[in-house]
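Right, one structure below, let's go through it.
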Protein chains: 2
Amino acid sequence: MTSTDQPPPSAPALRPTKQRKAVTEAMGSFTDFRSAQEIHELLGERGEAVGLATVYRTLQRLAEAGDVDVLRTEDGEAIYRRCSDSHHHHLVCRECGATVEVEGPTVERWTRSIAAEHGYADVSHTLEIFGTCPSCS
Amino acid sequence: MTSTDQPPPSAPALRPTKQRKAVTEAMGSFTDFRSAQEIHELLGERGEAVGLATVYRTLQRLAEAGDVDVLRTEDGEAIYRRCSDSHHHHLVCRECGATVEVEGPTVERWTRSIAAEHGYADVSHTLEIFGTCPSCS
DNA sequence: AGTGAGTTGACAATCGTTCTCAACTAGTCT
DNA sequence: AGACTAGTTGAGAACGATTGTCAACTCACT
């Protein structure tokens with residue numbers, strides 16, 4: 001092992017299996033937030049049955065990689081949605097789930113200053129906005 | 001049933017039982033966020049054993065009434081904390097859970113304007129800030 | 001003391017999620 | 001192409017937080 005070009009330790013070998021592709025593709029077919037179970041069901045309807053455990057595993061990977069956003073419903077269920085790379089938040093319709101990605105330098109600045117003010121380091125935050133979208137009200 | 005003074009329909013009769021008092025009191029004995037199970041355990045240690053189901057029920061009531069804040073941990077567990085009446089957010093230490101309540105007219109304004117911009121009504125939002133507190137870093 | 005609606009607690013049941021593990025597969029080396 | 005192997009899959013068991021069930025209890029009021 002005298003090779004000089006190791007791949008970055010970040011990617012621990014990920015195989016593009018049929019199942020993973022199916023999940024990734026399915027994530028592109030809707031724009032609201034859905035639960036793992038719903039996504040599993042969707043895959044079944046599409047004729048690309050994938051084991052529930054695999055759906056969970058794949059969604060986890062995707063979330064870690066930042067390819068999907070994860071939210072928690074009021075009752076603790078995890079819901080997923082494909083997302084853009086950059087840091088952003090969501091404006092979600094309570095009724096139909098319609099979601100808009102929003103960015104806010106204002107909030108970013110604000111949270112950072114608040115944290116600094118209290119001496120907190122390594123700041124991160126979660127922010128979601130809920131409301132009733134135009135077509136639901 | 002000819003009485004003319006009904007109590008406001010908001011309060012459907014709430015009895016101040018020993019258990020409820022115990023839970024409420026226990027909530028005053030710490031300032032970080034704790035899970036229902038931890039609170040149940042705490043009560044046990046204090047010699048005021050309260051059934052787990054009752055702890056859950058009571059915390060729910062308190063949360064509905066706005067007397068405690070509820071958060072979801074990364075893995076979906078609900079955690080509770082006594083809170084002030086006014087609308088506020090939290091700056092939570094990832095390590096020790098030390099929590100600071102923060103207010104932010106800035107954010108309130110921002111979320112409202114974002115929502116309006118997209119035509120969303122009945123806006124609410126959740127915002128939590130996580131970081132490492134001074135004594136943990 | 002008696003009454004009844006609200007409350008409790010032990011336990012079962014639910015439900016989302018993770019674990020287990022034998023069977024399978026993509027990629028690689030020969 | 002065949003063999004090898006580490007990563008992957010899926011069915012089902014296991015798990016853990018939370019909620020439901022229901023008979024026994026208790027507070028507040030007569």
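Excluded from the calculations below are hydrogen atoms, water molecules and symmetry mates; all remaining heavy atoms, backbone and side chain alike, are included. Convention: sequence-line order gives letters A, B, ...; per-chain numbering from 1.
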With sequence neighbours left out, the residues meeting ring pair (Phe, Tyr, Trp, His ring centres under 6.0 Å) with B:His118 are none

Those residues that, when tested against A:Ser124, pass side chain to side chain donor-acceptor pair (under 3.5 Å) (two or more places apart): B:Arg94

Could you give the CZ-to-C1' distance, from A:Phe33 to C:dG16, as a whole number of Å? 18 Å

From CD of B:Gln19 over to P of D:dT26, roughly how many Å is that when rounded to an integer? 9 Å

Tell me what B:Glu38 touches on the nucleic acid: a base, only sugar-phosphate, or nothing, going by heavy atoms under 4.0 Å. nothing

Does B:Gln37 place a side-chain N or O at less than 4.0 Å from the phosphate oxygens OP1/OP2 of D:dG16? no

Anything under 3.5 Å between a protein N or O and an N or O of nucleotides 26-28 of chain C, put it in a table, one pair a line.
unit_1, atom_1, unit_2, atom_2, d
C:dA26, N3, A:Arg15, NH1, 3.1

Protein-nucleotide distance (B:His40, atom NE2; C:dC11, atom C1'), rounded to Å: 13 Å

For B:Asp75, is the CG atom crowded, meaning more than 12 foreign heavy atoms sit under 6.0 Å from it? yes

Just how far, in rounded Å, is P of D:dT18 from CD1 of B:Ile39? 10 Å

Report the relative orientation of the aromatic rings in B:His125 and B:His89; use parallel for angles under 30°, tilted for 30 to 60°, perpendicular for over 60°. tilted

Rounded to whole Å, how long is the line connecting atom CD of A:Gln60 with atom C1' of C:dT17? 9 Å

Is there a donor in the side chain of B:Ser84 and an acceptor in the side chain of B:Glu101, or the other way round, less than 3.5 Å apart? yes

I want to verify a distance call: between C:dT18, D:dT9, D:dT18, whose nearest atom is closest to the B:Tyr56 side chain? D:dT18

Rounded to whole Å, please give me the gap between CG in B:Leu52 and P in C:dT8. 13 Å

Measure CG/B:Asp75 against P/D:dC15 and give the value in whole Å, please. 17 Å

Rounded to the nearest 0.5 Å, what separates atom CG in B:Leu71 from atom CZ in B:Arg81? 10.0 Å

Looking at residues at least two apart in the chain, or sitting in another chain, which of them share a side chain to side chain donor-acceptor pair (under 3.5 Å) with B:Ser137? none

Atom pairs, protein N/O to nucleotides 12-14 of chain C N/O, distance under 3.5 Å:
none

Do B:His87 and B:Glu108 have side-chain atoms, one donor and one acceptor, less than 3.5 Å apart? yes

Measure distances between side-chain N and O atoms of A:Arg57 and base N and O atoms of D:dG10, and say whether any donor-acceptor pair falls under 3.5 Å. yes

For B:Thr54, what residues pass the side chain to side chain donor-acceptor pair (under 3.5 Å) criterion, not counting sequence neighbours? B:Arg57

Measure CG/A:Leu59 against C1'/D:dT9 and give the value in whole Å, please. 15 Å

